[in-house]
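Computed over heavy atoms, backbone and side chain alike; hydrogens, waters and symmetry mates excluded.
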2 protein chains.
Amino acid sequence: MRAIAKELNIKAASLYWHFSGKLDLYGAIAEYLCSRYEMPEESDDPKDYLIASYRAYRTMLLSTRDSVPVLENSIPYTPRRMEIIRAISKALLKMGVKEQTLTTIANLLNNYVLSFVADECRFKNTPPDKLHEIDKMLCPQDKLFLSIPSDFDEQFIYGLQVLFAGLEALKNRE
Amino acid sequence: MRAIAKELNIKAASLYWHFSGKLDLYGAIAEYLCSRYEMPEESDDPKDYLIASYRAYRTMLLSTRDSVPVLENSIPYTPRRMEIIRAISKALLKMGVKEQTLTTIANLLNNYVLSFVADECRFKNTPPDKLHEIDKMLCPQDKLFLSIPSDFDEQFIYGLQVLFAGLEALKNRE
DNA sequence: ACCTGAACACCGTTCAAGT
DNA sequence: ACCTGAACACCGTTCAAGT
């Protein structure tokens with residue numbers, strides 16, 4: 001609060017006239033971030049639409065420091081965020097996701113992106129000498145299990161493909 | 001730190017003789033929690049083994065308050081946690097997961113469980129009157145998109161099934 | 001309507017000093 | 001070897017008082 005206030009050339013106490021508290025401010029920041037992120041154009045294939053959406057979501061998250069905790073700790077019932085939730089939900093239903101599992105699946109996908117970006121940022125913010133130190137510590141066998149992704153874009157898309165392949169497989173199973 | 005010290009009838013400053021800092025303490029707690037969680041017995045079917053593992057993981061997480069942030073913010077290079085990572089990784093390889101995507105997939109699954117339990121705890125800790133207030137605020141259409149899971153166990157398993165169906169589908173695709 | 005200074009109750013952490 | 005008191009530099013938040 002003090003840091004944000006400083007940036008605005010006011011005092012932290014003044015922020016409490018505009019926002020009820022830190023989480024309320026988070027909510028406003030999250031809404032702003034979501035208003036800047038471009039939804040892809042409607043597509044006949046809901047899967048293509050969703051994959052494009054989640055790619056844009058990740059790009060938005062990567063564009064702003066600490067966006068993940070802000071999104072994670074804010075309440076999503078703001079206009080722009082609800083718009084996104086509706087668009088995603090409709091596409092999921094169109095893909096064959098059942099109503100009873102809609103929230104679970106939407107949360108799963110949302111959490112995938114947030115967790116992926118959180119891990120990505122954590123890695124990118126780890127100093128190289130620290131990484132080297134860890135590398136020295138691990139035995140050869142374990143290095144395979146804890147290797148660092150070389151291409152985050154590629155790995156992100158691969159994870160998405162796994163998730164959508166799962167949704168399609170369960171749809172066809174009945 | 002002060003709260004933990006109080007529980008031990010010492011002062012917070014004393015903890016710094018035993019641990020280098022808060023995250024170091026988190027690491028020790030995480031290792032302890034993981035040592036209490038029983039790995040399922042080896043199975044011929046790696047998928048059964050993995051599903052049993054992640055169910056036990058969730059049970060462990062639910063058994064202790066704030067376990068999710070402790071696991072999320074600690075470094076996993078401790079003996080018991082490495083044991084678990086090795087067992088999970090081996091089962092994933094046996095399932096047909098490729099070496100290049102192993103870390104991505106293992107992280108995806110780990111993040112799924114952590115995020116699911118985090119959401120579950122958030123909901124369970126939301127007072128009923130607050131939930132009712134939100135319910136009143138939403139329009140009927142949106143309620144479908146933001147419904148609360150009635151059975152967390154069932155939804156957790158469903159999410160796992162989606163993930164494993166995706167892994168199997170991508171394996172068969174080549 | 002909007003901002004401030006001063007305070008409150010909290011953090012994690014350090015360190016000289018104790019035993 | 002293990003613990004402590006006192007301090008440091010931080011938090012988010014409140015509120016009477018200013019303009």
5' to 3', nucleotides 10-19 of chain C under a 4.0 Å protein heavy-atom cut-off (B base, S sugar-phosphate only, - none) gives -BBBBB----
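Judged as a salt bridge (Lys or Arg N to Asp or Glu O under 4.0 Å), and not counting sequence neighbours, the contacts of A/Lys124 are A/Glu120. Checked against salt bridge (Lys or Arg N to Asp or Glu O under 4.0 Å), A/Asp66 has no partners two or more places apart in sequence or in another chain. Applying the side chain to side chain donor-acceptor pair (under 3.5 Å) criterion to B/Glu168, with sequence neighbours excluded, gives no partner residue. B/Tyr49 pairs by the ring-ring contact (aromatic ring centres under 6.0 Å, His included) definition with nothing, not counting sequence neighbours.
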Donor-acceptor pairs under 3.5 angstrom involving side-chain atoms of residues 83-95 of chain B: please list them, not counting sequence neighbours.
| unit_1 | atom_1 | unit_2 | atom_2 | d |
| --- | --- | --- | --- | --- |
| B/Glu83 | OE2 | B/Arg80 | NH1 | 2.8 |
| B/Arg86 | NE | A/Asp142 | OD1 | 2.6 |
| B/Arg86 | NE | A/Asp142 | OD2 | 3.4 |
| B/Arg86 | NH2 | A/Asp142 | OD2 | 2.8 |
| B/Ser89 | OG | B/Ile85 | O | 2.7 |

What donor-acceptor contacts under 3.5 angstrom involve side-chain atoms of residues 101-109 of chain A, with partners at least two apart or in another chain?
| unit_1 | atom_1 | unit_2 | atom_2 | d |
| --- | --- | --- | --- | --- |
| A/Thr101 | OG1 | A/Lys98 | O | 3.1 |
| A/Thr103 | OG1 | B/Ser147 | O | 3.2 |
| A/Thr103 | OG1 | B/Ser147 | OG | 2.9 |
| A/Thr104 | OG1 | B/Gln155 | OE1 | 2.2 |
| A/Asn107 | ND2 | A/Thr103 | O | 3.4 |

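Listed by first and then second residue, the ring-ring contact (aromatic ring centres under 6.0 Å, His included) pairs involving residues 123-152 of chain B are B/Phe123-B/Phe152 (not counting sequence neighbours). Contacts classified as salt bridge (Lys or Arg N to Asp or Glu O under 4.0 Å) and involving residues 11-20 of chain B (residues at least two apart or in different chains) are not found. For residues 37-46 of chain B, the set of pairs meeting the salt bridge (Lys or Arg N to Asp or Glu O under 4.0 Å) definition, not counting sequence neighbours, is empty.
Contacts between residues 64-74 of chain B and DNA chain C, defined by a heavy-atom separation under 4.0 Å, are absent.
Atom P of nucleotide D/dC2 and atom CH2 of B/Trp17 are separated by 4 Å, given to the nearest angstrom.
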Taking Watson-Crick and G-U wobble contacts under 3.5 angstrom, with | marking pairs to another strand and [ ] crossing pairs, the secondary structure of DNA chain D is written ||.|||||...|||||.||
Problem set entry | B/Arg81 vs B/Ser74, side chain to side chain donor-acceptor pair (under 3.5 Å): CA-CA, chis, key distance, verdict | CA-CA 11 Å; B/Arg81 289 179 82 180; B/Ser74 56; 2.9 Å; yes
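The phosphate of D/dA1 (OP1 or OP2) has no side-chain N or O of B/His18 nearer than 4.0 angstrom.
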